[in-house]
A.B. asks: 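I have a structure I would like to understand better, so I am pasting it below and will then ask my questions one at a time.
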Amino acid sequence: MSSPIRWPEEGDGVARARQLGLACGRLRPGIRNTITDVPGVQVGHATLAEGSVRTGVTAIVPHRGNLYRDKPVAAAEVINGFGKSIGLMQMDELGVIETPILLTNTFAVGTCAMALIRHAIAANPDIGRETATVNPVVCECNDGFLNDIQAPAVTEAHALAALAAADADFASGAVGAGSGMSAFGFKGGIGSASRRLKLDGRVFHLGVLVLANFGRPGDLTLPDGRRVAPPAPEPGAAAERGSVIVVAATDVPLDARQLRRVLRRAGVGLARLGSFWGHGSGDVVLGFTTANRVHHDEVADLIAVTVLNEARIDRLFEAMAEATQEAVLDALAAAVTTTGRAGHHRPSLRDVLRPG
């Protein structure tokens, strides 16, 4: 059952989707209703908001151990490949992730990748010499409407700051990589949601974090069926373009094939919001399970792996669809009205929905 709506007052700070009555689906959320309901997962931001710069970095850390040595099983699903991400090809081939995931703007992908490489080498000096190289994972969206994307504002220091700030509690909305993002003509950014699952009498979680920068103004569909538009859409805003990055985490034991099947259901959540994955929108989903890991220095020829009974996977499909839909609404609920580069403006969804 959803909580009663208490509309955020001025000065209350960040709102959540459920505060605005935007709960999605029937499954129960985790305690935080974020990706960090999956034990061990942490999120951190570095936000740049000064002058014409509205950008930043968001870090998703699967666990606080040595990710290069203890690699979570991972997968990726590209819904529409209009994007410039790094690291997805090897993730798809090997089915593991060996660095934190960084989200940023399109032109900062290389900078963030270099930061992840240096970060991994600092903990593993044998990388590239006595052992294999490292596969950094960085995903991006184009924040050029609100941000001066031609200014090389994001540095390796910002990427490392986001990693250092990672915690189970984190901000959402116009923060980190979401600082300059837009969605459906509103201010977009970072949002998150989770769902609680019971398997064999044990509690598990599936959590989602999104970088929401997609959707055509006027297409946004709320859970009750209402379609809402910004009060004054920008000229030429008819195209569906931008991008959305969906990052999922779970502690349900899955193999990479099963995980990819779950990730594919993010598209259901995006479609429920009114998106049709337009030509110019890079819609990318990636995720990992903390339950199954590949050890870099494994010496055994054969290893035992526990995986979900495939006949139970519908529970995760439903959770993925619901959490993706609500995570996008969470980003829109949290993001505040923002004016950025060249006076470009994005209103907050909560201001449009506010009663009276």
Side-chain angles (χ1 to χ4, degrees), residues 25 27 35 37-38 40-41 60-63 67 70-103 135-141 192-195 197 199 204-211 214 243-272 275 277 281-295 303 305-328:
L27 299 180
I35 193 172
D37 282 322
V38 178
V41 177
I60 301 97
V61 181
H63 66 73
L67 281 163
D70 198 18
K71 311 172 198 286
V73 166
E77 174 72 12
V78 178
I79 298 173
N80 193 63
F82 201 103
K84 290 85 178 169
S85 298
I86 284 180
L88 300 187
M89 181 170 64
Q90 182 171 311
M91 182 192 298
D92 187 55
E93 182 69 22
L94 301 186
V96 296
I97 189 168
E98 55 189 26
T99 71
I101 299 164
L102 294 185
L103 310 179
N135 182 50
V137 177
V138 185
C139 294
E140 53 75 33
C141 293
S192 196
S194 72
R195 292 297 182 266
L197 303 159
L199 298 164
F204 296 87
H205 290 86
L206 183 147
V208 167
L209 179 144
V210 300
L211 179 60
F214 72 110
S243 292
V244 58
I245 307 298
V246 181
V247 180
T250 187
D251 54 353
V252 176
L254 304 169
D255 63 24
R257 180 192 59 81
Q258 291 177 318
L259 182 56
R260 187 175 297 107
R261 294 191 70 204
V262 173
L263 298 180
R264 197 169 294 142
R265 272 61 187 183
V268 177
L270 298 178
R272 287 174 179 170
S275 171
W277 320 329
S281 183
D283 305 325
V284 176
V285 191
L286 63 160
F288 55 87
T289 172
T290 59
N292 285 337
R293 302 180 188 181
V294 173
H295 304 300
I303 55 175
V305 178
T306 299
V307 296
L308 177 73
N309 176 355
E310 203 90 7
R312 308 290 186 266
I313 202 167
D314 274 356
R315 303 179 194 180
L316 277 78
F317 289 172
E318 185 175 9
M320 186 72 199
E322 286 188 13
T324 300
Q325 180 187 11
E326 188 166 322
V328 173

A.B. asks: Just verifying a value: how many Å separate Asp70 CG and His295 NE2, rounded to the nearest 0.5 Å?
C.D. replies: 5.5 Å

A.B. asks: Inspect the contact between Glu77 and Arg264 and indicate whether a charged nitrogen and a carboxylate oxygen are less than 4.0 angstrom apart.
C.D. replies: yes

A.B. asks: Can you see which heavy atom on Ile97 is nearest to which on Phe288, and at what distance?
C.D. replies: CG2-CB, 4.3 Å

A.B. asks: To the closest 0.5 Å, what do you measure between OG (Ser85) and CG (Leu102)?
C.D. replies: 11.5 Å

A.B. asks: For the pair Ser243 (side chain) and Gly282 (backbone), establish whether a donor and an acceptor sit closer than 3.5 Å, ignoring hydrogens and angles.
C.D. replies: yes

A.B. asks: Looking only at non-hydrogen atoms, find the nearest pair between Ala323 and Ala193 and report the distance.
C.D. replies: O-CB, 3.6 Å

A.B. asks: Thinking salt bridges, do Glu326 and Arg195 make one under a 4.0 Å N-O criterion?
C.D. replies: yes

A.B. asks: Quick one: do Leu316 and Leu197 satisfy side-chain contact (heavy atoms from CB on, under 4.5 Å)? Show the steps, please.
C.D. replies: CA-CA 8 Å; Leu316 277 78; Leu197 303 159; 4.0 Å; yes

A.B. asks: May I ask you to decide if Ala291's main-chain N or O and Thr289's side chain share a donor-acceptor pair within less than 3.5 Å?
C.D. replies: yes

A.B. asks: Surrounding CD of Glu310 (heavy atoms of other residues, nucleotides or ligands, distance under 6.0 Å), is the total greater than 12?
C.D. replies: yes

A.B. asks: Search all heavy atoms of Val208 against all heavy atoms of Ala327 and return the closest pair with its distance.
C.D. replies: CG1-CB, 4.0 Å

A.B. asks: Between Thr324 and Leu270, is there a side-chain heavy-atom distance shorter than 4.5 Å?
C.D. replies: yes

A.B. asks: CG/Leu209 to OG/Ser194 distance, rounded to the nearest 0.5 angstrom?
C.D. replies: 11.5 Å

A.B. asks: Compare all side-chain heavy atoms of Val305 with those of Asn292 and state whether any distance is below 4.5 angstrom.
C.D. replies: yes

A.B. asks: For the residue pair Ser281 and Phe214, what are the closest heavy atoms and their distance?
C.D. replies: OG-CB, 3.9 Å

A.B. asks: Any side-chain heavy atom of Leu67 sitting closer than 4.5 Å to one from Pro72?
C.D. replies: yes

A.B. asks: When rounded to the nearest 0.5 angstrom, what is the spacing between CD in Gln90 and CD in Glu98?
C.D. replies: 5.5 Å

A.B. asks: State, yes or no, whether a side-chain contact exists between Thr250 and His205 at a heavy-atom distance under 4.5 Å.
C.D. replies: no

A.B. asks: Donor-acceptor pair, Asn135 side chain versus Gly87 backbone, under 3.5 Å?
C.D. replies: yes

A.B. asks: Can you give me the closest heavy-atom contact between Thr99 and Pro136, atom names plus distance?
C.D. replies: OG1-CA, 3.7 Å

A.B. asks: Using side-chain heavy atoms (C-beta onward) and a distance below 4.5 Å, is Arg315 in contact with Leu199?
C.D. replies: yes

A.B. asks: Among Ile79, Leu88, Leu263, Val247, which one satisfies side chain to side chain contact (heavy atoms under 4.5 Å, CB included) with Val284?
C.D. replies: Leu88

A.B. asks: So, the side chain of Glu318 versus the backbone of Leu27: is there a donor-acceptor pair under 3.5 Å, distance only?
C.D. replies: no

A.B. asks: Using side-chain heavy atoms (C-beta onward) and a distance below 4.5 Å, is Arg261 in contact with Met320?
C.D. replies: no

A.B. asks: Quick check: do Val262 and Phe317 have side-chain heavy atoms less than 4.5 Å from each other?
C.D. replies: yes

A.B. asks: Under a 4.5 Å cut-off applied to non-hydrogen side-chain atoms, are Cys139 and Leu211 in contact?
C.D. replies: no

A.B. asks: Look at the side chain of Gln325 and the backbone N and O of Arg272, then say whether any donor-acceptor pair between them is shorter than 3.5 Å.
C.D. replies: no

A.B. asks: Asp92: which residues meet the side chain to side chain contact (heavy atoms under 4.5 Å, CB included) condition with it, sequence neighbours left out?
C.D. replies: Arg260

A.B. asks: If you look at every heavy atom in Val38 and Thr290, which pair is closest and at what distance?
C.D. replies: CG1-OG1, 3.9 Å

